[in-house]
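Okay, so here's the structure we're looking at.
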Amino acid sequence: MMVTGLNTCNPRTLFSELPIYTPLHYSNILSSITGSNVYLKLENLQVCNSFKIRGVGYMCSKVVSENNCQMLVSSGINAGIACAYAGKKLNTLVTIFLPINTPEFIIEKIQDEGASVIIKGKDFEEADLYAKYFVEKTQYSCYIPPYDHPDIWEGNSSIIDEIKSQLGDTPDAIITVVGGGGLLCGLIQGCQKVRWENVPIIAVETHDTNSFQLSTINKKVTELPKGSEPLANSLNIKKVCSQALNLSNSHPVVPITVSDAMSIHACRKFADDHKMLIEPSSAAAVSLCYSNIIHDIIEMDSTSKIVVIITGGNNISLAQLENSRYKCSSPVPIVVKSGSEIYMKLNGSN
Ligand SMILES: *Cc1c(COP(=O)(O)O)cnc(C)c1O
């Protein structure tokens, strides 16, 4: 398929029509629990229900306008949905690779955007390998990585520009979750662009998905052991991208892990309190406020402003939420802090 006109377009102009400006919502409940001011950046209300369209959409705009790309190829649930949406808007064919255990409603959502779905591989890593292999063999096709590319980080950094103009002030901390680290890289780059180089980013993972935390402790990218099936599946990336580790050396970042039980508990509380359903992967960030563990991480008082990135996600339904309840019966908060060195880095920078 040859698209005329698009290739002469500036990628930034194309990109500006993809993500929407999401609300920065003041949470009365979380502010009162923590005794400070908690703002939620609601990327669950973003198009395709996650922040992914920012990075993926930016890269898709670039390859379509500059590389004469006629088929976008990606993998994964939320990245796949975002890529399918971007392709529809950019008038380009899309093929998404997904592993065999993908829920039917996700496959339908991607097909509803007009994309082709190929089910291949037993997990996300395998599906992603098939996507790359397919691109090697297919002319005019482009691989869109879910998290490990400078264009992904550039697109994701747009969250910070929005928070800056919405908050009208510098936050005391930003809380986010980390999977492959594409969002974390975007947030750090965004902070550096707007001169928030002292704003600490609290990087939350779950116990089975803590590749970023392990990497910071070992000072090199560290792969997770194979075999586990974490509930926080959007965070379940075997190896965080090396740029996340590099950037965390030039910005205050505190890696923290929480239990699955904490994420699920936060997911249920968040739905009750804010009337919104998000993935446990996303709720892991907000669990620091519900459990009030945030006070062990940073010093804060009634004037502090904390921004939590609500990444959102599609891989959650009432049935899945109900099921996960039986998987973790005990909502006992278990937190693993990283080495004192990383902890000190934050104190040192303030
Ligand atoms: C992709 C995703 C994440 C993790 O983002 P990374 O860039 O891989 O770190 C977290 N939450 C949701 C809902 C996601 O879709």
Side-chain angles (χ1 to χ4, degrees), residues 19 22 40-59 74-85 96 98 102 106 109-110 124-125 128 144-159 174-190 201-206 209-213 215-216 221 224 230-245 247-248 253 255 257-258 263 266-267 270 276-287 308-317 320:
T22 55
L40 307 172
K41 183 61 173 163
L42 295 176
E43 288 296 297
N44 58 318
L45 304 181
Q46 182 54 266
V47 291
C48 307
N49 302 102
S50 83
F51 72 93
K52 286 283 196 312
I53 190 64
R54 294 182 186 268
V56 165
Y58 181 65
M59 186 159 179
S74 192
S75 67
I77 290 178
N78 294 315
I81 295 172
C83 187
Y85 176 85
I96 304 298
L98 295 167
T102 308
I106 298 289
K109 187 155 181 173
I110 295 179
F124 168 75
E125 269 77 25
D128 194 53
I144 306 294
Y147 55 87
D148 195 2
H149 194 279
D151 291 336
I152 299 289
W153 311 327
E154 174 65 24
N156 286 342
S157 76
S158 62
I159 298 188
I174 297 172
I175 307 179
T176 186
V177 289
V178 179
L183 175 59
L184 179 63
C185 289
L187 295 174
I188 297 176
Q189 276 183 206
I201 299 181
I202 302 169
V204 185
E205 297 170 292
T206 61
T209 65
N210 63 336
S211 168
F212 177 65
Q213 184 186 46
S215 302
T216 52
V221 172
L224 295 171
L231 275 171
N233 45 47
S234 289
L235 307 186
N236 188 22
I237 305 291
K238 290 281 165 266
K239 231 166 55 175
V240 75
C241 63
S242 56
Q243 182 70 352
L245 190 58
L247 286 176
S248 72
V253 179
T257 62
V258 301
S263 304
C267 195
F270 190 80
M276 290 184 280
L277 189 57
I278 58 177
E279 286 184 14
S281 301
S282 180
V286 91
S287 77
V308 187
I309 311 290
I310 303 298
T311 56
N314 290 274
N315 196 6
I316 185 70
S317 61
Q320 282 170 307

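Both ligands and their constituent atoms are indexed starting at 1 by order of listing.
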**Q.** salt_bridge(R54, E43) N-O dist < 4.0 Å
**A.**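 Judged by the 4.0 Å cut-off on N to carboxylate O distance, R54 and E43 do form a salt bridge.
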Any luck finding a side-chain donor-acceptor pair between [X] and [Y] under 3.5 Å?
| X | Y | value |
| --- | --- | --- |
| K41 | T22 | yes |
| K52 | N314 | no |
| N78 | E279 | yes |
| D128 | S75 | yes |
| Q320 | S317 | yes |

Would you say [X] and ligand 1 have an N/O pair spaced under 3.5 Å apart?
| X | answer |
| --- | --- |
| I237 | no |
| S281 | no |
| V178 | no |

(Q) For L235, run the side chain to side chain contact (heavy atoms under 4.5 Å, CB included) check against T209, T311, V178 and tell me which one passes. (A)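 Output: one option passes, namely T209.
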Q. Per the side chain to side chain contact (heavy atoms under 4.5 Å, CB included) rule, which among I237, I77, N236 passes with F124?
A.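 One option only clears the test, and that one is I237.
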Using a 4.0 Å cutoff against the non-hydrogen atoms of [X], which atoms of ligand 1 qualify?
| X | answer |
| --- | --- |
| G313 | 13 (C) |
| G312 | 13 (C) |
| G180 | 6 (P), 8 (O), 9 (O) |
| G182 | 6 (P), 7 (O), 9 (O) |
| N78 | 13 (C), 14 (C), 15 (O) |

Q.
I need the contact type for V177 against ligand 1. Using non-hydrogen atoms and a strict under-4.0 Å cut-off, is it side chain, backbone, both or neither?
A.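 Near ligand 1, V177 shows its side chain, while the N, CA, C and O stay back.
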**Q.** Residue portion contacting ligand 1 (non-hydrogen atoms closer than 4.0 Å) for L235
**A.**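 Side chain only.
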Q. Looking only at non-hydrogen atoms, which of N315, V204, T311 approaches atom 13 (C) of ligand 1 most closely?
A.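 That would be T311.
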Among all protein heavy atoms in this structure, tell me which lies nearest to [atom], with the distance rounded to 0.1 Å.
| atom | result |
| --- | --- |
| atom 7 (O) of ligand 1 | L183 N, 2.8 Å |
| atom 5 (O) of ligand 1 | F51 CZ, 3.4 Å |
| atom 14 (C) of ligand 1 | K52 NZ, 3.0 Å |

Q) Do any N or O atoms from the side chain of S157 and from the backbone of G186 form a donor-acceptor pair under 3.5 angstrom? A)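 Answer holds: no.
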